[in-house]
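We count ligands from 1, going down the list as the structure has it; atoms in each ligand are counted the same way.
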Amino acid sequence: MLIINKISELQSQLQNERQKGHSIGLVPTMGALHEGHASLVRRSVSENDVTVVSIFLNPTQFNDKKDLERYPRTLEADCKLLEQCGAQIAFAPSVEEIYPEPDTRTFSYPPTDSVMEGAMRPGHFNGVCQIVSKLFSYTNPDRAYFGEKDYQQIAVIRRMVTDLGLKLIMVPCPVIREESGLAMSSRNTLLTDEERAIAANIYRVMKESLSLNAMVSETHDYVVDNINAIEGLEVQYFSIVDGDTLADITSWEDAESIVGCITVFCGSKPIRLIDHIRYK
Ligand code: PAF
């Protein structure tokens, strides 16, 4: 596996591949890779001739400096895992390489980027669009792989792909869960064992809510009340929304696809965990 730090080197390597008629799969990551990422990489390897995995902790999507500072950094282990998964290229640039000048572009795709995470973390999705659009332009991938764990992120990036008229195929990949049901996340490594066990209740309660046969508002309250009742967990928001536009819904008939998106603070630090469940 090649480890590339420079954009120009990445581009000339990929130009060679294109000349050979090879297809390119891109898996954008911020490192601290786990089995969830590995599943995206394996999928890309099985569907493309060349898989590029970017490892870049993108500062422009963090509106909380502390969150950025404590984000786990595990480059060596990440590269080992990528090699095992069969990736051909790890692209691990510096911040200066990606942002030689501040990125002043703005992206706005309401309501996908203005609700939930967009409301709680102003500027977050603008930063995601800045980096992902750059990665798309460096690699010009045939397919790009994103974990459905960040459900809202996929909805926003889809809008950006349409807006920019990009030809690539977005490939959303299912959430990979620990045995307990906890959605795998790089942030899980910041939890103690006890907090990890407590965090598993988030998915358990959401799953229970699937069989309530209750109205949307009652289902919402069931999830929020039952998670908040567990010591060490505090729901920041739980929104039941149209699975495509992410607009709020009030009745199960309001949309063809419906998901519940949740963010929960866990433990004393606290660590912010996100997850979702599909109702329809
Ligand atoms: O999902 C992530 O890890 C990041 O938001 C992404 C897509 C790699 C952009 O920095």
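- Here F265 is tied to no hydrophobic group at all, with no ILVMFWY side chain closer than 4.5 Å.
- Here atom 7 (C) of ligand 1 lies nearest to Q153 when heavy atoms of Q153, Q130, H124 are compared.
- Note that R43 lies outside the cation-pi zone of Y145, set by a 6.0 Å cut-off to the ring centre and a 45° limit from the axis.
- Here salt bridge (charged side-chain N to carboxylate O under 4.0 Å, His left out) pairs that include residues 75-89, with residues two or more places apart or in two chains, number zero.
- Residue contact check: T29 has heavy atoms under 4.0 Å from atoms 8 (C) of ligand 1.
- The contact set between ligand 1 and D150, taken as ligand atoms under 4.0 Å from a residue heavy atom, comprises 1 (O).
- V27 and L57 fall into different hydrophobic clusters, defined by Ile, Leu, Val, Met, Phe, Trp and Tyr side-chain heavy atoms under 4.5 Å apart, directly or through other members.
- For atom 8 (C) of ligand 1, the nearest non-hydrogen atom from the set P28, G127, A32, G147 belongs to P28.
- Using a 4.0 Å cut-off to heavy atoms of I131, the atoms of ligand 1 that qualify are 9 (C), 10 (O).
- Below 4.0 Å from some heavy atom of M30 lie the following atoms of ligand 1, by number and element: 3 (O), 4 (C), 8 (C), 10 (O).
- Between E117 and T263, the side chains place a donor N or O and an acceptor N or O closer than 3.5 Å (distance only, hydrogens not considered).
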Are F125 and Y109 close enough, and set up right, to give a ring pair (Phe, Tyr, Trp, His ring centres under 6.0 Å), and what steps lead you there? CA-CA 9 Å; F125 287 118; Y109 303 116; over 10 Å; no

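- The shortest N/O to N/O separation between Q61 and ligand 1 falls below 3.5 Å.
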